[in-house]
Amino acid sequence: MTDTRDPQTEKGQNGATEENLAETAQAPEKTLEEQFREEICPTCTVKAEADETRLRALAEMENFKKRIQRDHDEYMRYASEPVLKDLLPALDSLDLAIQYGGSDETCKSLLTGVIMTRKLLLDALKNHGFDVAGEVGEPFNPDVHDAVSYEERDDMEPGLVSTLHQRGYRLKDRLLRPAKVSVSRKPA
């Protein structure tokens, strides 16, 4: 007699096929918590996923709030920038009056008034973070100065600001306008 049994459908002692036995031997055992979630409480996994989604949404909302606050603080910090830029020509005019008014003796008292007005204006603006950028004799810095020319000077080290053509100004750590300067270099 020949054996007509199919080896693939032959059942083992516990009623499982050999193929199923091999699969269960390879699969890692599930923890009691995982078994509970799958068998007894299938809605728990849905609730856990919903909780995770809710936590992510809350974290995104917190990040959004922080970003909005940071943008608001930045805006408030530099809100006066357009007004200060509009004042720069007036400051330039005061500087020119001081520069060219000093040569005439009859204008001395008027010049003193212009100097005092300029000082009062700059002091008031300094209280709000406004400051002058660029002075004669300081090292040339391309972040603060705009070089218009070179001057060959024996009396100065090379690379220093030799002439100030137009003052630069900054608001806190932001440059409103670079100073237009000439830079010294050694004579050829």
Note to self: For the backbone of E157 and the side chain of S184, can you confirm whether one donor and one acceptor N or O come within less than 3.5 Å of each other?
What the structure shows: yes

Notebook entry, point to check: What residues, two or more places apart in sequence or in another chain, satisfy salt bridge (Lys or Arg N to Asp or Glu O under 4.0 Å) together with D154?
Noted result: none

Check: Among all residues two or more places apart in sequence or in another chain, which pass the side chain to side chain donor-acceptor pair (under 3.5 Å) test with E62?
Finding: none

Item checked: Closest approach of Q166 to D92 (non-hydrogen atoms, all atoms of both residues) -> NE2-OD2, 3.2 Å

Next item on the list: Would you give the length of the straight line joining atom CG of D71 to atom NZ of K66, rounded to the nearest 0.5 angstrom?
Entry: 14.5 Å

Checklist line | Minimum-distance pair of heavy atoms, taken over all atoms of S80 and L171 | finding: OG-CD2, 3.9 Å

Next item on the list: Could you tell me which non-hydrogen atom of L164 sits nearest to which non-hydrogen atom of G134, and how far apart they are?
Entry: CD2-O, 3.8 Å

Notebook entry, point to check: Do the side chains of N63 and E60 get nearer than 4.5 Å, heavy atoms only?
Noted result: no

Check: Among the clusters formed by ILVMFWY side chains lying less than 4.5 Å apart, do V181 and L176 turn up in the same one?
Finding: no

Margin query: In this structure, would V161 and M156 fall into the same cluster of hydrophobic residues linked by side-chain contacts under 4.5 Å?
Written below: no

Item checked: Heavy-atom pair with the smallest gap, counting every atom of V183 and A147 -> CG2-CB, 3.9 Å

Checklist line | Side-chain ion pair, R70 and E74, N-O less than 4.0 Å | finding: no

Next item on the list: Could you pull out all residues at least two apart from H128 that satisfy side chain to side chain donor-acceptor pair (under 3.5 Å)?
Entry: none

Margin query: Under a 3.5 Å distance rule, please check whether S162 uses its side chain to pair with a backbone N or O of S182 as donor and acceptor.
Written below: yes

Check: Going by heavy atoms in the side chains, are L84 and Y169 under 4.5 Å from each other?
Finding: no

Notebook entry, point to check: How far apart are the closest heavy atoms of A97 and L111, and which atoms are they?
Noted result: O-CD1, 3.6 Å

Note to self: Main chain of I68, side chain of H72: is a donor-acceptor contact present, judged purely on distance under 3.5 Å?
What the structure shows: no

Margin query: Once rounded to the nearest 0.5 Å, what's the spacing between atom CG of N127 and atom CG of L122?
Written below: 11.0 Å

Next item on the list: Give a yes or no on whether Y100 and L94 share a hydrophobic cluster (residues Ile, Leu, Val, Met, Phe, Trp, Tyr; joining criterion: side-chain heavy atoms under 4.5 Å apart).
Entry: no

Check: Measuring from L121:CG to M116:CE, what's the distance to the nearest 0.5 Å?
Finding: 13.5 Å

Next item on the list: Could you tell me which non-hydrogen atom of E152 sits nearest to which non-hydrogen atom of P187, and how far apart they are?
Entry: OE1-CA, 3.8 Å

Notebook entry, point to check: Do L96 and I98 belong together in a cluster built from hydrophobic side chains that touch within less than 4.5 Å?
Noted result: no

Notebook entry, point to check: Measuring from L58:CG to R54:CZ, what's the distance to the nearest 0.5 Å?
Noted result: 5.5 Å

Next item on the list: Salt-bridge test for D143 and R170: reply yes if a basic N is under 4.0 Å from a carboxylate O, no otherwise.
Entry: no

Notebook entry, point to check: Taking atom OG1 of T163 and atom OH of Y150, what is their separation to the nearest 0.5 Å?
Noted result: 14.0 Å

Item checked: Side-chain donor/acceptor of R177 to backbone N/O of R167, under 3.5 Å -> yes

Next item on the list: Drop me the distance from R153's CZ to R185's CZ, to the nearest 0.5 angstrom.
Entry: 13.5 Å

Notebook entry, point to check: In the single-linkage hydrophobic clustering (I, L, V, M, F, W, Y; side-chain heavy atoms under 4.5 Å), do F140 and L160 co-cluster?
Noted result: no

Check: Would R77 and D173 count as a side chain to side chain contact (heavy atoms under 4.5 Å, CB included) if you check the C-alpha gap in whole Å, the side-chain angles of each, and the deciding distance to 0.1 Å?
Finding: CA-CA 10 Å; R77 182 178 169 113; D173 57 347; 3.7 Å; yes

Margin query: Taking atom NZ as the centre, does K119 end up with more than 12 heavy-atom neighbours from other residues, nucleotides or ligands that are less than 6.0 angstrom away?
Written below: no

Checklist line | Test item: L91 and V132 side chains (from C-beta on) under 4.5 Å apart, heavy atoms | finding: no

